[in-house]
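Structure, as structure tokens:
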Amino acid sequence: MKILTILGARPQFIKAGSVSREIAKHKEIEEIIVHTGQHYDANMSDIFFQEMQIPKPDYFLGIGGKSHGAMTGQMIEKIEEVCLKEKPDWIMVYGDTNSTLAGAIVASKLHVKLAHIEAGLRSFNMNMPEEINRILTDRVSNILFCPTDTAVQNLKNEGFDTFTCKVVKSGDVMQDGALFYKEFAKKPSCDIQNDFILCTIHRAENTDDEQRLRAIFEALEEIAQEKQIILPLHPRTKKILENLDLNFQNLTIIDPVGYLEMVWLIDHSSLVMTDSGGLQKEAYFFSKPCITLRDETEWIELVTCKANTLVGADKNKILEAYKTRSSFDSTNSSLDLYGGGKASEMIIKELLK
Ligand code: UD1
Ligand code: UDP
């Protein structure tokens, strides 16, 4: 069986780490990896391939740093060429980025079977590019691997029961990675105090809205006066901050880190504040409370069990949540929300059926 895997952005490399490890156990599967180039800085891309020992991409398309239309369009053209040459049995896509959508469109046009890992998630916010990418990808997928019960239910609500596709609850491949790579965690070299908050901000709805970005940074700066905040800064956010006269002298801003340093930071932090999708779950995997700087989340089960507090970009709500969200309710750790680290195994078994 030949699988053409489409990767492009940081969270996809992390997810692919676990699935590629599983694929390597099966001699009957050949994986061809296409890296679209959506993320291209060494610490947004290469480091994950090295640290997580993901096979070197067979194709690097070099399409990054463009508008949504240009990026997605050029990816479609190039992935189509690769697909015609390689003639895979499956195209496999992850998550909800522009690289995901490009892979999905090629598969559906060329009648190659499409497997979507992390299917069925919804924020119900149609202004998010990710929501569009997810909905369109899900609709043309032949097999949809859902990380959670909520994701399965979302698909049922949209009528997927009546479509000619297969919906499988696989669990979350990110949990596979968190469990596997934990023992390889590496302390970053920056100045780290005993008690610190780990923060990431990169989502377009925050970075591209000056009012939201200001409110978030004002709140963070106030919190950082009493507790260290370590913020590995995504290049999108960095570029935007350079043009704003914001005060963030108390924040410990560092370059994006690799996954092994990230795992160390999550594991040693006392609180996670983020607008990342992946990090909300990783906080939970490492039993850390999480404050999410978004108005909605795809990982609603974490809000329901109170492991995660949604605060949007409202300065007062952020400060209030910081004062009240200081510990993780350990009863939550026993909940099996994400499959317990067996998702990659289930996905490959299912594809081999
Ligand atoms: C993308 C995904 C988002 C995901 C995020 C993970 C889409 C629509 N968005 O957002 O869902 O959460 O990746 O991190 O696919 N840049 C660099 N160096 C890099 C990568 C990006 O400088 O290595 C710059 C680009 O030039 C661009 C900006 O960052 O100007 C945004 O990059 P882009 O890939 O468009 O979107 P992300 O915000 O990274
Ligand atoms: N991550 C990382 N280094 C960083 C910031 C994030 O390794 O400097 C990891 C993080 O732990 C998670 C993944 O990147 O596994 C999430 O990616 P991101 O926040 O970029 O995207 P999202 O999950 O929001 O799509």
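Start at 1 and go down the list; that is how both ligands and their atoms are numbered.
If you look at ligand 2, the protein residues with a non-hydrogen atom under 4.0 Å away are R10, P11, I14, F48, M174, H202, R203, P232, P256, V257, G258, Y259, M262, S276, G277, G278, E282.
The nearest protein atom to atom 22 (O) of ligand 1, hydrogens excluded, is given as Y40 OH, 3.0 Å; this is a heavy-atom distance. At the top of the distance list for atom 38 (O) of ligand 1, counting protein heavy atoms only, stands R236 NE, 2.5 Å. The protein non-hydrogen atom at the shortest distance from atom 12 (O) of ligand 1 is H202 NE2, 2.8 Å. Here the protein heavy atom with the shortest distance to atom 18 (N) of ligand 1 is D41 OD2, 2.9 Å. Of all protein heavy atoms, the one lying nearest to atom 10 (O) of ligand 1 is H39 NE2, 4.3 Å.
Heavy-atom separations between K238 and ligand 1 are all 4.0 Å or longer. The shortest heavy-atom distance from M71 to ligand 1 is under 4.0 Å.
In summary, the side chains of H202 and T207 do not present any donor paired with an acceptor at a separation below 3.5 Å, with no hydrogens or angles considered. Residues N133 and N98 have side chains that bring a donor and an acceptor to within less than 3.5 angstrom of each other. In the model, N206 has a side-chain atom that pairs as donor or acceptor with a side-chain atom of R212 under 3.5 Å. If you check the side chains of Y181 and E51, you find no donor sitting under 3.5 Å from an acceptor. At a cut-off of 3.5 Å, with distance as the only test, no side-chain donor of S18 or S344 sits close to an acceptor on the other residue. Between the side chains of T97 and Q12, at least one donor N or O lies within less than 3.5 Å of an accepting N or O. In this model, no donor atom of one side chain and acceptor atom of the other lie less than 3.5 Å apart for E298 and T150. One side chain, E226 or Y322, offers a donor N or O that lies under 3.5 Å from an acceptor on the other. Inspection of the Y259 and K186 side chains reveals no N or O donor paired with an N or O acceptor under 3.5 Å. With no hydrogens or angles considered, a side-chain donor-acceptor pair links N250 and E221 at under 3.5 Å.
Near R203, meaning under 4.0 Å from one of its heavy atoms, ligand 1 places the atoms 11 (O), 12 (O).
At a 3.5 angstrom cut-off on N or O pairs, H68 does not count as close to ligand 1. On a distance-only criterion, K66 and ligand 1 share no N/O pair closer than 3.5 Å. Checked against a 3.5 angstrom limit, the closest N/O atoms of K239 and ligand 1 fall inside it.
Of the candidates Y40, Y59, F48, F13, H35 forms a ring-ring contact (aromatic ring centres under 6.0 Å, His included) with just one, namely F13.
Of all the heavy atoms of E130, the ones lying under 4.0 Å from any atom of ligand 1 belong exclusively to the side chain. The side chain of P11, and not its backbone, has at least one atom closer than 4.0 Å to an atom of ligand 1 (non-hydrogen atoms only; side chain from C-beta on). Only side-chain heavy atoms of M44 come within less than 4.0 Å of ligand 1; its backbone N, CA, C and O stay farther off.
Between P57 and V34, the closest side-chain pair of non-hydrogen atoms is not below 4.5 Å.
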